[in-house]
Asks: 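The structure follows.
When a ligand or atom number is given, it counts from 1 through the structure's own listing order.
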Amino acid sequence: MPTHETTHHAAARARSQASEKSGTGDGEDAATLEELREAARGCRRCPLWRDATQTVFGEGAADARVVFVGEQPGDREDIAGRPFVGPAGEMFDAILAEAGIDRSETYVTNAVKHFKFEPRGKRRIHSKPNVGEIQACRWWLDRELGFVAPKIVVALGATAARALLGKAVPITKMRGQTVAREDGPDIFFTVHPSYLLRIRDAAARSAEREKFLTDLVSIRRHLDR
Ligand code: URA
């Protein structure tokens, strides 16, 4: 008897496989962000598509001035087909609102567009994407950024930072800083919201939450400039 979760999962996968036929998987000829999204449904650039339910492409305002880049979809995002809708997304939305940023005016995406996990019983445990997977998926991220053409891109954590700069970035050192680039949007570095969720000690968690809020407020100010 399938559990509630696997029923959801099977239904989402069936929907995704039906719509995947329209995705070419390369996106070379995509003339718009929507065409790019369609093409990404059939992505086979790395093996992660095999076990994931579907491609989780970015979403939000196509002309957003700020793009947030996470790591990869989690379990909930994989089933929903939308980025940042699970626990990390809820935390992110709440702090974003506190910082005075309207999520609907932003574009939110991930460095890697398929959920990578290890099955453990009935659960699917998040597994970090490797450098090859990040590199393969950069194809989509670079094109998304090209279409949206934001003023600033926010790297949420180390995987996003690596995807954006093409090399390892020490997040603790770079956090809160903006790197201006000649050939693309400025990049701002901060932590990943799921880092906040992992902090057990309430006082430490609340202090880190404040720091994250400060980062988001400074992004809002950067946009106002
Ligand atoms: N974590 C991410 O990095 N991205 C999501 O979409 C969800 C959780």
Asks: Between Arg143 and Arg138, is any pair of side-chain heavy atoms under 4.5 Å apart?
Replies: no

Asks: Any donor-acceptor pair under 3.5 Å linking the side-chain atoms of His222 with those of Asp186?
Replies: yes

Asks: Does a donor on one side chain and an acceptor on the other come within less than 3.5 Å for His114 and Glu133?
Replies: no

Asks: Given salt bridge (Lys or Arg N to Asp or Glu O under 4.0 Å), test Lys211 with Glu208 step by step and report yes or no.
Replies: CA-CA 5 Å; Lys211 278 210 237 167; Glu208 280 301 319; 3.3 Å; yes

Asks: With a 4.0 Å heavy-atom cut-off, what residues sit around ligand 1?
Replies: Gly70, Glu71, Gln72, Pro73, Gly74, Glu77, Pro83, Phe84, Asn110, His192

Asks: Between Arg124 and Asp78, does at least one N-O distance fall below 4.0 Å, as a salt bridge requires?
Replies: yes

Asks: For Asp29, what residues pass the side-chain contact (heavy atoms from CB on, under 4.5 Å) criterion, not counting sequence neighbours?
Replies: none

